[in-house]
Amino acid sequence: MDIEFKLKKTVLEAIEKLYRQTVDEKSVQIQKTRKDFEGDFTLVVFPLLRVSKKPPEQTAEEIGNYLKENVSEIHEYNVIKGFLNLSFDKSFWISYLESVAQDDHFGFISNKENPKTILIEYSSPNTNKPLHLGHVRNNLLGYSVAKLLETQGDKVYKVNLVNDRGIHICKSMLAWQKWGDINSYLDWCINNTDEIVEKIRTLVKQNIFNYCKRIVLSYKNGNIGRSIDENYKQEVIGLYEKTKSNKNPINQLVNILENHEIYLKDSKNYKLLKRRIDKQKRELEFRNEKIEPKTSGKKGDHLVGDFYVKFDQEYKKQIGSLISEGLTEDEAKQTAPLILEAQKMLIDWEAGDKKTRELWKKMNSWVLEGFDVTYKKLGVDFDKVYFESDTYKLGKKLVLEGLEKGMFFKKEDGSVWADLTDEGLDQKILLRSDGTSVYMTQDLGTAHQRFSDYNATEAIYVVGNEQNYHFQVLKIVLAKLGFEWAENLYHLSYGMVELPEGKMKSREGTVVDADDLLEEMTRTADEMSRELGKLDDFSNEERKKIIETIGLGALKYFILKVDPKKTMTFDPKESIDFNGNTGPFIQYTYARIQSLIKKAHSNGLDIPVGLNSKINISGKELQLIKLIHTYPEVLAEAATDYSPAQIANYIYDLAKEFNQFYHDHPILSESNRSISEFRLYLSKEVSKIIKSSMGLLGIQVPERM
RNA sequence: GGUCUAGUAGCUCAGUUGGAUAGAGCAACAGCCUUCUAAGCUGUGGGUCACAGGUUCGAAUCCUGUCUAGAUCACCA
């Protein structure tokens with residue numbers, strides 16, 4: 001039986017015996033004793049004064065006495081103000097640790113009686129541009145929450161809904177049709193260098209610390225790194241000379257450089273890009289063809305994204321000239337020829353026009369191939385992928401049925417609306433006057449389809465909080481249509497990701513691209529490990545695997561440790577920090593323990609099957625066992641709150657606690673064999689929990705690093 | 001303007017069924033590698049928990065108001 005439950009029960013019993021009264025279970029507050037006090041569990045007695053009619057100290061004493069006599073595990077107790085602190089016998093904790101070790105799925109619930117069937121939708125990309133940092137948060141959250149829910153014994157299906165139709169897709173298609181020949185495209189790439197410079201600025205900024213460090217280190221060693229821009233190098237070295245008398249010259253240097261634009265002079269990446277484009281142009285100039293992923297050397301999603309940007313640029317131009325002809329902004333936006341063409345294309349698409357469909361198929365397949373690469377690198381997957389192009393018609397059908405039954409109404413122009421004024425909301429459009437679907441239409445259809453596909457009890461949508469209103473409406477409309485499961489829709493509404501400079505804006509080139517980001521993280525992990533000389537004796541293959549694990553771990557942890565509901569700031573510089581509260585810190589702790597176990601093994605010291613319950617354990621060791629004790633509880637809470645952040649915080653506490661223990665407790669060199677074995681045993685359990693909990697975040701742990 | 005969310009150390013974040021002296025990391029400064037991985041550990045400084053009221057034995061946490069920031073209220077998705 002759970003020990004906290006047992007305590008609670010005995011306290012209720014004590015009150016009955018001592019004061020001849022009963023109290024609400026809620027008034028019995030048992031919590032973990034804070035670190036700075038003696039004890040394992042604490043009973044807060046204030047709420048009980050009502051029935052004891054005695055001062056807090058006396059009440060606590062009386063209950064403490066009763067508990068000590070009736071709960072065998074309690075070793076002693078103390079009273080401070082209104083707090084009754086209970087200490088358990090150390091052997092209790094040691095045997096608890098043994099029970100944890102014997103449990104192969106510690107903290108996880110298996111064989112649940114009535115498991116729920118939960119659908120979780122995440123990712124939901126649009127097929128008109130590549131994935132960016134915002135999608136990364138979405139994907140990591142969705143994947144991790146799915147794992148969290150599984151720990152509670154429920155059946156979970158991960159689904160993706162690809163938004164592959166709609167006006168935005170038509171925009172990319174149209175732009176490709178108009179300006180997709182190889183020469184125009186390559187010209188456009190070159191003229192767009194401003195955006196590329198912005199991108200490089202972000203990249204270099206992410207990398208500035210390691211970059212400067214490398215220059216300074218090679219300078220100190222008397223080497224000259226050849227790949228580094230000469231002017232830039234001279235400036236860095238000059239600044240270093242000025243700051244080197246400081247304690248941390250490199251940090252000082254970085255601080256100076258951050259407020260200094262000189263890193264932009266390192267335009268190596270920029271030049272390379274430009275040269276590559278030029279070369280391509282020369283090679284392809286005489287081919288009268290349309291650009292494709294193959295010829296452009298770009299991933300399909302990136303190529304299509306370029307045309308989305310191109311559309312926007314041309315559209316803006318048209319709006320501008322219409323406004324100068326005297327139209328208002330709104331008028332201009334609605335009547336610009338390009339947007340009309342795009343709208344026409346959407347109608348053609350819905351009508352099943354063969355040419356439009358073919359173009360659409362081709363470009364979509366490019367994008368989807370690109371997404372698959374990104375998903376794979378991110379380590380996320382799905383049980384089923386839905387396509388909006390398959391489901392939107394079902395939505396249309398539902399709306400028309402609802403219209404017939406009088407649940408919705410039609411306006412004069414033919415558009416269909418839901419009246420939600422009774423719910424305190426506005427009217428909401430469900431079908432356009434030209435009969436085409438809107439976002440809401442297809443979401444109605446998809447919801448219906450997936451519930452029947454899986455006979456699900458619950459559906460979770462991992463979607464940003466900018467769509468709170470949409471989901472509020474979705475639930476109401478589904479309920480109006482008479483679906484009972486409508487109330488089991490849950491919108492896991494996560495906060496936006498912002499950069500230190502502010503919000504990401506695709507038009508200003510401040511979007512952090514997912515593929516770039518992943519590459520950058522691995523590169524940083526590589527540089528770090530080289531500087532520290534950590535992986536020198538590894539083969540290239542092993543090395544590659546480890547740095548990928550670390551780079552990805554850093555990114556995932558950085559994003560997941562923040563409460564999903566909150567808007568978060570993504571500072572590239574902090575994200576590549578591998579010290580402190582970071583993924584690599586935890587991975588390192590794990591690797592350390594593995595190395596310890598290996599070494600023990602080769603010294604002939606094996607992890608014992610059982611423990612000697614009489615050994616004396618230190619406060620830190622006790623602390624660790626108690627922390628392990630809370631793991632199942634943490635899992636349950638994280639699952640009900642859909643919050644991987646709670647797991648992340650827990651793992652950090654555990655790793656930190658372990659490192660402190662590791663620092664001042666000899667393990668292999670401990671002469672008392674029982675103690676040495678106990679410490680090894682404890683270490684192994686800690687590492688098992690690290691591995692299991694990191695797995696829930698989708699983060700792998702390396703055996704060595 | 002209506003609705004919703006947030007505001008905790010210089011920065012990024014923890015801290016909920018209301019409990020003891022509000023915690024970490026980064027940044028700064030001072031230390032610890034002939035000893036199990038120093039991607040580690042220890043210490044110092046840093047706070048009017050946005051502000052003002054209220055509820056009570058007790059409030060960062062609950063309520064009300066104010067200020068600030070963001071989201072949303074589209075025949076965009």
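On a predicted model such as this, the values are computed, not experimentally measured, just so you know. In what follows, every chain begins at residue 1, and chains take the letters A, B, ... in the order their sequences are listed.
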#### Entry: Nearest to side-chain heavy atoms of A:Lys503, which nucleotide of B:A71, B:A20, B:U37
B:A71

### Task
Determine: side-chain N/O of A:Lys81 to OP1/OP2 of B:C57, distance under 4.0 Å, yes or no.
no

### Query
Contact class for A:Asp571 vs. all strands (heavy atom < 4.0 Å): base, sugar-phosphate, or nothing?
nothing

### Message
Using a heavy-atom cut-off of 4.0 Å across all strands, would you classify A:Pro47 as base, sugar-phosphate, or nothing?
### Response
base

### Task
Using the closest heavy atom to pick a nucleotide of RNA chain B for each, name whichever of A:Leu596 or A:Ala645 lands nearer the 5' end.
A:Ala645

#### Entry: Heavy-atom closest contact (A:Asp563 atom, A:Arg137 atom, distance)
O-NH2, 3.1 Å

### Message
Only pairs with both distances under 3.5 Å count, Watson-Crick or wobble alike; so what is the partner of B:A71 in this structure?
### Response
B:U3

### Message
Considering every strand and a 4.0 Å limit on heavy-atom distances, what is the contact class for A:Met496: base, sugar-phosphate, or nothing?
### Response
nothing

### Side chains of A:Asp419 and A:Thr421, donor plus acceptor under 3.5 Å
yes

### Task
Measure from NZ on A:Lys561 to P on B:C11 and round the result to the nearest Å.
16 Å

### Task
Would you classify B:C33 as syn or anti? Syn applies when the glycosidic angle is within 90° of 0.
syn

### Task
Answer yes or no as to whether B:G19 has its base stacked against A:Phe46, where stacking requires a ring-centre separation under 5.5 angstrom and planes under 30 degrees apart.
yes

### Task
Give A:Ile550 one of three labels, base, sugar-phosphate or nothing, depending on what nucleic acid heavy atoms sit under 4.0 Å from its own.
base

### Task
Check every strand shown and say whether A:Phe578 touches a base, only sugar-phosphate, or nothing at a heavy-atom separation below 4.0 Å.
base

### Summary
Between A:Ile30 and A:Ile593, whichever has its closest RNA chain B nucleotide further toward 5' is A:Ile30

### Message
If you go through the side-chain atoms of A:Asn85, does one of them form a donor-acceptor pair with the base of B:A20 closer than 3.5 Å?
### Response
yes

### Task
State whether the aromatic ring of A:Tyr588 stacks on the base of B:G40, taking stacking to mean ring centres under 5.5 Å apart and ring planes under 30° to each other.
no

### Query
Under 3.5 Å, is there an N or O donor on one side and an acceptor on the other linking the side chain of A:Lys534 and the base of B:U37?
yes

### Summary
Taken to the nearest whole Å, CD1/A:Ile647 to C1'/B:A14 is 15 Å

#### Entry: A:Tyr490-A:Tyr642 aromatic ring centre distance below 6.0 Å
yes

